[in-house]
**Student:** 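Take this structure first; my questions come after.
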Amino acid sequence: MVRRIEVTGAGGVRLAAWEFADPPKTGETGRAPGVLLLHGLMGRASHWASTARWLSERHRAVALDQRGHGQSDKPPEGEYTREAYVDDAEAALEQLGLAQAVLIGHAMGALTAWQLAAKRPDLVRGLIICDMRASALGAASQREWEDWFKAWPVPFATLADVRKWFGEDDPWVERPNPARGEFYAEVMAESEDGWRPVFEPEQMLKSRQTWVYDAHWEELAQVSCPTLVVRGLDGELGRAESQEMVRVLPRGQYAEVADASHLVHYDQPDAWRAAIEPFLDTLLAS
């Protein structure tokens with residue numbers, strides 16, 4: 001079963017939330033513990049489908065299309081600030097009745113998750129950070145992304161072309177990565193002249209510029225719930241920084257996934273599950 005649920009985000013923005021499996025049955029007075037899954041920049045809720053399905057054996061797992069992404073609203077003049085993303089996730093927890101929830105975020109979604117956990121500890125019982133840095137990335141990083149978007153050969157003639165470019169031909173790809181090709185194929189939609197992203201690249205850059213220039217250690221230190229920091233060994237979060245994040249977190253833990261790129265959960269789904277399930281088991285038992 002795949003079920004879409006409407007959420008009203010900050011400023012009235014319409015957001016699409018998704019359940020990819022029936023939630024587990026509970027007793028008349030019981031309720032399955034909630035999980036909110038937050039994708040990264042350019043991602044969409046469906047990237048969490050496999051994770052949400054196994055989570056739904058014991059949790060009510062919901063993935064959110066964040067503003068500007070997936071099937072959520074993409075207002076041309078809308079707010080794409082850190083505050084807006086955090087407020088949207090907060091609204092989703094409250095409107096979906098998920099609190100106290102476990103937040104699982106990838107990349108930008110992980111930053112949103114830990115900022116929300118710092119802001120509203122009453123809504124969050126646990127946190128999983130997937131391959132997101134706490135340090136500032138700076139102006140050079142933003143320029144690299146601007147140049148990268150310009151290099152995309154859009155429109156793509158076919159989805160096979162999408163898979164090949166992002167999985168092999170993209171200059172950011174060090175070695176062939178079919179999972180990466182599939183990841184980007186999932187954020188394309190067919191138009192009259194070919195396949196284009198479902199998001200506006202300018203909105204992605206606008207979103208990104210609200211966090212790349214700043215470090216986020218202060219909010220990390222304010223997260224009071226148990227937190228697991230997960231990195232792919234071939235991802236963007238280095239070992240030294242990830243271990244410093246664990247040290248800064250009041251209740252931090254660490255896990256790593258071998259042979260995984262930045263797209264840890266999508267790249268190596270079985271190893272990802274093995275890395276995070278013991279942490280979730282501990283939360284359930286507490």
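Computed from heavy atoms alone, side chains included, the values below leave out hydrogens, waters and symmetry copies.
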**Student:** Side-chain heavy atoms nearer than 4.5 Å, only ILVMFWY residues, links allowed to pass through others: does that put V7 and Y80 together?
**Tutor:** yes
**Student:** Do the side chain of H47 and the main chain of F183 share a donor and acceptor less than 3.5 angstrom apart?
**Tutor:**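 Confirmed, H47 side chain pairs with F183 backbone.
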**Student:** Is it the case that more than 12 heavy atoms not belonging to E202 sit under 6.0 Å from its CD atom?
**Tutor:** no
**Student:** Determine, stepwise, if the pair M245 / Y254 fulfils side-chain contact (heavy atoms from CB on, under 4.5 Å).
**Tutor:** CA-CA 9 Å; M245 289 170 67; Y254 174 77; over 6 Å; no
**Student:** Between R125 and L283 (side chain of the first, backbone of the second, donor and acceptor by atom type, cut-off under 3.5 Å), is there such a pair?
**Tutor:**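 Yes, R125 side chain to L283 backbone: donor-acceptor pair under 3.5 Å.
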**Student:** In this structure, would V2 and V62 fall into the same cluster of hydrophobic residues linked by side-chain contacts under 4.5 Å?
**Tutor:**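 No; tracing contacts between hydrophobic side chains, which count when under 4.5 Å, never links both residues.
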**Student:** For residues D259 and Q268, determine if any side-chain heavy atom of one lies less than 4.5 Å from a side-chain heavy atom of the other.
**Tutor:**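 Contact flag for D259/Q268 side chains = yes.
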**Student:** State whether R231 and D131 are salt-bridged, where the test is any N-O pair (Lys NZ or Arg NE/NH1/NH2 against Asp/Glu carboxylate O) under 4.0 Å.
**Tutor:**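 Result for this pair is no, no salt bridge flagged.
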**Student:** Test your reading of the model: is there a side-chain donor-acceptor pair from R58 to the backbone of P33, 3.5 Å cut-off?
**Tutor:**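 Not confirmed, R58 side chain does not pair with P33 backbone.
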**Student:** With side-chain contact (heavy atoms from CB on, under 4.5 Å) as the criterion, how do T51 and R273 come out once you've worked through the C-alpha distance, each side chain's angles and the decisive distance to 0.1 Å?
**Tutor:** CA-CA 8 Å; T51 297; R273 178 173 182 172; over 6 Å; no
**Student:** For residues I276 and L280, determine if any side-chain heavy atom of one lies less than 4.5 Å from a side-chain heavy atom of the other.
**Tutor:**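 Yes - at least one pair of side-chain heavy atoms lies under 4.5 Å apart.
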**Student:** R180 side chain to F166 main-chain N or O, any donor-acceptor pair under 3.5 Å?
**Tutor:**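 Yes.
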**Student:** Begin from the C-alpha positions of R60 and E19 and carry the test side-chain contact (heavy atoms from CB on, under 4.5 Å) through to its verdict.
**Tutor:** CA-CA 8 Å; R60 184 183 176 210; E19 288 188 87; 3.3 Å; yes
**Student:** Look at the side chain of S72 and the backbone N and O of G68, then say whether any donor-acceptor pair between them is shorter than 3.5 Å.
**Tutor:**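 Looks like no, no N/O pair under 3.5 Å.
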**Student:** Which class fits the ring pair W145 and F149: parallel under 30°, tilted 30 to 60°, perpendicular over 60°?
**Tutor:**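 The rings of W145 and F149 stand perpendicular, inter-plane angle above 60°.
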**Student:** Can you see which heavy atom on G194 is nearest to which on P155, and at what distance?
**Tutor:** CA-CB, 4.0 Å
**Student:** Quick one, H69 and L41 - any side-chain contact, counting heavy atoms below 4.5 Å?
**Tutor:**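 Heavy-atom side-chain distance check passes, below 4.5 Å.
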**Student:** Return yes when atom CD of E6 has more than 12 non-hydrogen atoms of other residues, nucleotides or ligands closer than 6.0 Å, and no otherwise.
**Tutor:**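 More than 12 within 6.0 Å, yes.
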**Student:** If we ignore angles and hydrogens, is there a donor and acceptor under 3.5 Å between the side chains of S261 and D234?
**Tutor:** no
**Student:** Answer whether the closest heavy-atom distance between the side chains of D281 and E277 falls below 4.5 Å.
**Tutor:** yes
**Student:** Are a donor atom and an acceptor atom from the side chains of W114 and T227 found within less than 3.5 Å of each other?
**Tutor:**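 No, no side-chain donor-acceptor contact under 3.5 Å.
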**Student:** Should the pair R208 and W211 be classed as cation-pi, given the thresholds of under 6.0 Å to the six-membered ring centre and 45° from the axis?
**Tutor:**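 Positive - R208 is close enough to the ring of W211 and near enough to its axis.
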**Student:** Side-chain contact, heavy-atom cut-off 4.5 Å: P121 with S224?
**Tutor:**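 Contact flag for P121/S224 side chains = yes.
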**Student:** Parallel, tilted or perpendicular: which fits the ring planes of W272 and W48, with parallel below 30° and perpendicular above 60°?
**Tutor:** tilted
**Student:** Can you see which heavy atom on P269 is nearest to which on S50, and at what distance?
**Tutor:**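 Reported closest heavy-atom pair: CB-OG, 4.3 Å.
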**Student:** Would you check, one step at a time, whether the test side-chain contact (heavy atoms from CB on, under 4.5 Å) holds for I104 with V102?
**Tutor:** CA-CA 6 Å; I104 302 179; V102 178; 4.2 Å; yes
**Student:** State whether R196 and E190 are salt-bridged, where the test is any N-O pair (Lys NZ or Arg NE/NH1/NH2 against Asp/Glu carboxylate O) under 4.0 Å.
**Tutor:**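 Result for this pair is no, no salt bridge flagged.
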**Student:** Less than 4.5 Å apart, any side-chain heavy atom of Q95 and any of T8?
**Tutor:**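 The answer is yes, as the side chains (C-beta and beyond) meet within the 4.5 Å cut-off.
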**Student:** To the nearest 0.5 Å, what is the distance between CG (L38) and SG (C130)?
**Tutor:**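 Atom-to-atom, L38:CG and C130:SG are 12.0 Å apart.
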**Student:** Sequence neighbours left out, what pairs pass salt bridge (Lys or Arg N to Asp or Glu O under 4.0 Å) with at least one residue falling in residues 147-157?
**Tutor:** none
**Student:** So, for R163 and A185, which heavy atoms are closest and what is the spacing to 0.1 Å?
**Tutor:** CG-CB, 3.9 Å
**Student:** If only atom types and distance count, is the side chain of D170 paired as donor or acceptor with the main-chain N or O of V173 below 3.5 Å?
**Tutor:** no
**Student:** Quick one: do E256 and R239 make a salt bridge, cutoff under 4.0 Å?
**Tutor:**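 Yes, this pair counts.
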**Student:** Looking only at atom types and distance, does a side-chain atom of H59 sit under 3.5 Å from a main-chain N or O of V35, one as donor and one as acceptor?
**Tutor:**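 Not at all, since once roles are kept as given, no pair shorter than 3.5 Å links the two residues.
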**Student:** Does the side chain of F20 come within less than 4.5 Å of R3's, by heavy atoms?
**Tutor:** no
**Student:** If every non-hydrogen atom of A92 is compared with every non-hydrogen atom of L64, which pair is closest and at what distance?
**Tutor:** CB-CD2, 4.2 Å
**Student:** Are the side chain of S207 and the backbone N or O of Q203 linked by a donor-acceptor pair below 3.5 Å?
**Tutor:**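 The answer is yes, because a donor-acceptor pair under 3.5 Å joins these two groups.
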**Student:** Salt bridge check, E146 against R143: does any charged N sit closer than 4.0 Å to a carboxylate O?
**Tutor:** no
**Student:** To the nearest 0.5 Å, what is the distance between CG (D22) and CD (E57)?
**Tutor:**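 So the gap between those two atoms works out to 12.5 Å.
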**Student:** Please check if the side chain of S46 supplies one atom and the backbone of A49 the other of a donor-acceptor pair under 3.5 Å.
**Tutor:**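 The answer is no, because no donor-acceptor pair under 3.5 Å joins these two groups.
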**Student:** Say whether L237 and L233 are linked into one hydrophobic cluster, either directly or through other cluster members, by side-chain heavy-atom distances under 4.5 angstrom.
**Tutor:** no
**Student:** Under 4.5 Å between side-chain heavy atoms, counting indirect links through other Ile/Leu/Val/Met/Phe/Trp/Tyr residues: same cluster for I128 and L249 or not?
**Tutor:**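 No; tracing contacts between hydrophobic side chains, which count when under 4.5 Å, never links both residues.
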**Student:** To the nearest 0.5 Å, what is the distance between OG on S242 and CD1 on I129?
**Tutor:** 10.5 Å
**Student:** Enumerate the salt bridge (Lys or Arg N to Asp or Glu O under 4.0 Å) contacts for residues 81-94, please, sequence neighbours excluded, ordered by first and then second residue.
**Tutor:** R67-D88, D87-K119, E90-K119, E90-R120, E94-R120
**Student:** With Y266, which of H39, E182, E186 fulfils side-chain hydrogen bond (donor to acceptor under 3.5 Å, both in side chains)?
**Tutor:** E186
**Student:** Calculate, to the nearest 0.5 Å, the distance between atoms NE2 and CG belonging to H216 and D214 respectively.
**Tutor:**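 So the NE2 of H216 and the CG of D214 are separated by 5.5 Å.
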**Student:** Working to the nearest 0.5 angstrom, can you tell me the gap between N177 CG and W172 CH2?
**Tutor:**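 So the CG of N177 and the CH2 of W172 are separated by 14.5 Å.
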**Student:** Between Q71 and R4, is any side-chain donor less than 3.5 angstrom from a side-chain acceptor?
**Tutor:** yes
**Student:** With side chains defined as the heavy atoms from C-beta onward, is the minimum distance between M42 and V187 less than 4.5 Å?
**Tutor:** no
**Student:** Calculate, to the nearest 0.5 Å, the distance between atoms CG and SG belonging to L123 and C225 respectively.
**Tutor:**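 If we round to the nearest 0.5 Å, L123:CG and C225:SG are 11.0 Å apart.
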**Student:** Check A189 against V198 and note the closest heavy-atom contact, atom names and distance.
**Tutor:** CB-CG1, 3.7 Å
**Student:** Salt bridge between K74 and E200, side-chain N to carboxylate O under 4.0 Å?
**Tutor:** no
**Student:** Do M204 and M108 belong together in a cluster built from hydrophobic side chains that touch within less than 4.5 Å?
**Tutor:**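 In one cluster with M204: M108, yes.
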**Student:** Of L127, L36, L93, which meets side-chain contact (heavy atoms from CB on, under 4.5 Å) against L116?
**Tutor:**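 Going through the options one by one, the only one that passes is L93.
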**Student:** What is the minimum heavy-atom distance between P197 and V154, and which atoms define it?
**Tutor:**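 So the two residues come closest at CD-CG1, 4.3 Å.
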**Student:** Looking only at atom types and distance, does a side-chain atom of H106 sit under 3.5 Å from a main-chain N or O of H262, one as donor and one as acceptor?
**Tutor:** yes
